[in-house]
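Chain A is the first sequence line, chain B the second, and so forth, proteins listed ahead of strands; every chain is numbered from 1.
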Amino acid sequence: MTPVTEGPRFRFAPSPTGFFHVGGARTALYNWALAKRLGGKFVLRIEDTDEARNRPEWTQGIIDALAWIGVHSDDPTFEGPYFQSNYAADHVAAAERLFAEGRAYYCDLTPEQIQERSKASGKQGYDGYSRDRDLGPGPGRVLRFRVPEGMTIVDDLVRGRVEFANETIEDFVLLRGNGSPMFLLANVVDDVTMRVSHVVRAEEHLPNTPKQQMLWEALGHRPPVWAHVPVLVNEQRKKLSKRRDKVALEQYRAEGFLADAMVNYLMTLGWAPQGETEIVPWSRIEADFRLEDVNHSPAFFDLKKLAAFNGEYIRAMDVEAFIDACAPWLSGDAVPWRADQFRSDVFRAMAELVQTRIVTLAEVPNLVDFLFLDAPIVDEASWDKTFGNAEARSMLETSIDVLADTPWNAEALKTAVEAAGTTLGLKLGKAQAPVRVAVTGRTIGPPLFEALEILGRDAVLTRLRAAADRLAGS
RNA sequence: GCUCCCAUCGUCUAGUGGCCUAGGACACCACCCUCUCAAGGUGGCGGCACGGGUUCGAAUCCCGUUGGGAGUGCCA
């Protein structure tokens with residue numbers, strides 16, 4: 001059953017850090033789109049060799065985050081996760097082979113000694129001091145790769161041909177003084193054993209690539225296809241970092257961004273689908289994405305544009321889907337009403353009117369809270385602005401009278417308020433304001449008369465009177 | 001410092017020597033629509049970093065300058 005040939009094997013190799021970086025998400029998506037389209041595999045490898053970064057729940061976080069953006073571990077294209085820490089013996093074995101073959105050598109210089117030599121000679125980095133000292137392994141001795149003379153040519157699918165003079169590359173460390181393998185080695189050995197054919201990763205790894213390519217060759221294998229995609233940057237044009245920037249995918253999810261919008265937006269950073277619009281379904285992306293088309297320069301991760309995409313996606317949902325998507329934002333501790341006050345039929349009635357007014361799902365509660373609370377949460381700025389003049393006070397009084405016996409439907413309510421306003425010389429825009437603030441607590445919100453209809457006469461009149469009382473008292 | 005990468009509206013991009021008087025999207029501005037706020041519609045602002053080549057012709061090719069960025073660990 002073993003196929004004679006297998007499709008391309010892509011890999012995504014994050015190190016667990018406790019959150020999932022949006023840049024990592026984009027890289028994963030690039031790999032995923034290619035693996036899917038080309039009938040290959042997406043191999044997930046958790047690079048957990050740094051003891052400090054090794055917690056089981058973080059791995060689950062990565063798998064959950066990937067699933068959220070559509071990279072599902074139960075898809076046949078998905079393979080893994082593998083854990084780098086399980087392959088430590090392979091890494092060491094490969095290093096020892098390199099030593100046996102003379103392609104690596106031991107060195108007993110301490111970092112301080114290296115620095116001193118460097119300072120004395122005026123040259124940067126390690127100078128190859130132990131190359132011909134024939135040292136054997138021993139505690140405190142690192143194993144270094146013997147960088148050959150010549151030139152290393154990296155053929156990169158997005159950058160083209162990149163040349164490195166080997167003399168500019170120092171004999172880098174394969175095994176630490178305590179015998180543990182370094183990232184470069186572990187990474188290559190794992191890629192070899194996992195038969196990775198395409199390494200698609202962020203541009204920051206490009207300077208490492210000649211070293212890795214030498215390792216592939218020294219290990220007797222043909223290097224993979226390389227592709228280094230531009231990094232994501234902030235407004236200062238610096239690489240997105242967790243210290244300065246909001247980079248956690250989970251956080252965007254928690255703030256009410258839709259996975260589809262996030263995925264679509266991420267894919268347009270460094271790449272664009274054909275045609276006049278960047279809003280395209282994943283099926284189009286999967287069919288059209290090419291590494292050769294990826295831009296070469298860093299892309300600014302623009303929250304405003306992400307928000308615009310999110311708004312588009314929210315509006316494109318049919319109402320039922322929208323209602324379902326809102327559910328998590330309509331209950332829980334963050335919501336100002338008690339669970340027993342929430343009424344799904346009321347929300348359902350308002351849903352369509354809410355849908356065009358939000359950019360993230362997290363904004364939903366603010367637009368509908370007054371429907372579930374006994375009394376609205378009054379925004380004082382709205383209150384002061386609206387009731388700062390006598391007309392507004394009169395309008396409030398008048399509306400109490402008028403609404404007491406108006407037929408209770410949105411259209412009739414609108415007509416009634418409009419008429420009441422006319423008697424006071426107010427246009428509808430001005431006339432509805434006092435009613436809106438009294439009933440909803442804010443100057444802005446969903447269409448008022450539909451909301452009044454849903455709330456019902458008693459609740460509306462109660463609120464209008466409460467507002468009048470407050471005005472009388474002040 | 002050294003190595004490498006990059007350079008089209010403010011931002012993300014289309015553009016692969018003539019179709020470019022450089023197209024779209026986000027943002028911004030104006031107008032329309034309108035019960036607030038949105039959404040929607042129409043229009044507007046705004047760019048090939050600079051200098052040399054190559055060519056009949058250059059945003060597109062070459063060189064240089066300038067400006068950004070990444071890497072530079074016994075981190076990953």
Could you tell me the Watson-Crick or G-U partner of [N], where both distances fall under 3.5 Å? Say none if there is no partner.
| N | value |
| --- | --- |
| C31(B) | G41(B) |
| C48(B) | none |
| C2(B) | G71(B) |
| C26(B) | G10(B) |

With ring centroids as reference points, do [X] and [Y] lie under 6.0 angstrom apart?
| X | Y | answer |
| --- | --- | --- |
| Phe301(A) | Tyr252(A) | yes |
| Tyr30(A) | Phe289(A) | yes |
| Tyr265(A) | Phe309(A) | yes |

Heavy atoms only, 4.0 Å cut-off, all strands: where does [X] land among base, sugar-phosphate and nothing?
| X | value |
| --- | --- |
| Arg201(A) | nothing |
| Val162(A) | sugar-phosphate |
| Gly311(A) | nothing |
| Ala299(A) | sugar-phosphate |
| Glu276(A) | sugar-phosphate |

Of all the nucleotides listed ([options]), which has the minimum atom distance to the side chain of [X]?
| X | options | value |
| --- | --- | --- |
| Arg159(A) | U3(B), A14(B), C6(B) | C6(B) |
| His296(A) | A27(B), C6(B), U11(B) | C6(B) |
| Val173(A) | C74(B), C5(B), C4(B) | C74(B) |
| Ser15(A) | A7(B), C4(B), A76(B) | A76(B) |

If you measure from the [atom1] atom in [N] to the same atom in [M], how many Å do you get, rounded?
| N | M | atom1 | answer |
| --- | --- | --- | --- |
| C62(B) | A22(B) | C1' | 23 Å |
| U60(B) | G53(B) | C1' | 15 Å |
| C56(B) | G15(B) | C1' | 22 Å |
| C50(B) | G43(B) | P | 30 Å |

First of Val142(A) and Gln124(A) reached from the 5' end of RNA chain B, by closest nucleotide | Gln124(A)
Ignoring hydrogens and geometry, is there a side-chain-to-backbone donor-acceptor pair from Arg284(A) to Gln274(A) under 3.5 Å?
-> yes
Is it true that a side-chain atom of Asp90(A) and a backbone atom of Val189(A) form a donor plus acceptor pair closer than 3.5 Å?
-> no
Sorted by first residue and then second, give each ring-ring contact (aromatic ring centres under 6.0 Å, His included) pair with at least one member in residues 161-183 of chain A; sequence neighbours left out.
-> Phe145(A)-Phe172(A)
Detail all sub-3.5 Å separations between protein N/O atoms and N/O atoms belonging to nucleotides 29-31 of chain B.
none

Pairwise salt bridge (charged side-chain N to carboxylate O under 4.0 Å, His left out) hits with a residue in residues 145-161 of chain A, at least two apart | Asp132(A)-Arg146(A), Arg159(A)-Glu203(A), Arg161(A)-Glu163(A)
Is the Trp226(A) ring parallel, tilted or perpendicular to the His228(A) ring (thresholds 30°, 60°)?
-> parallel
Would you say Asn295(A) reaches A14(B)'s phosphate, i.e. side-chain N/O to OP1/OP2 under 4.0 Å?
-> yes
Looking only at side-chain N and O atoms, does Arg290(A) come under 4.0 Å of OP1 or OP2 in U16(B)?
-> no
Reading 5' to 3' through nucleotides 35-40 of chain B, protein heavy-atom contacts under 4.0 Å coded B for base, S for sugar-phosphate only, - for none = BBBBSS
Answer yes or no on whether Arg144(A) is positioned over the face of Tyr106(A), meaning its NZ or CZ is under 6.0 Å from the six-membered ring centre and within 45° of the axis.
-> no
For the residue pair Thr360(A) and Asn310(A), confirm or rule out a side-chain donor-acceptor distance under 3.5 Å.
-> no
Per the under-4.0 Å heavy-atom filter, residues of residues 108-115 of chain A near RNA chain B come out as Leu109(A), Thr110(A), Pro111(A)
Shorter than 3.5 Å, N or O on both sides, protein versus nucleotides 66-70 of chain B: list them out with atom names.
unit_1, atom_1, unit_2, atom_2, d
G69(B), OP1, Lys238(A), NZ, 2.4
A70(B), OP1, Lys239(A), N, 3.2

Is a donor-acceptor contact shorter than 3.5 angstrom present between the side chain of Lys305(A) and the base of C12(B)?
-> yes
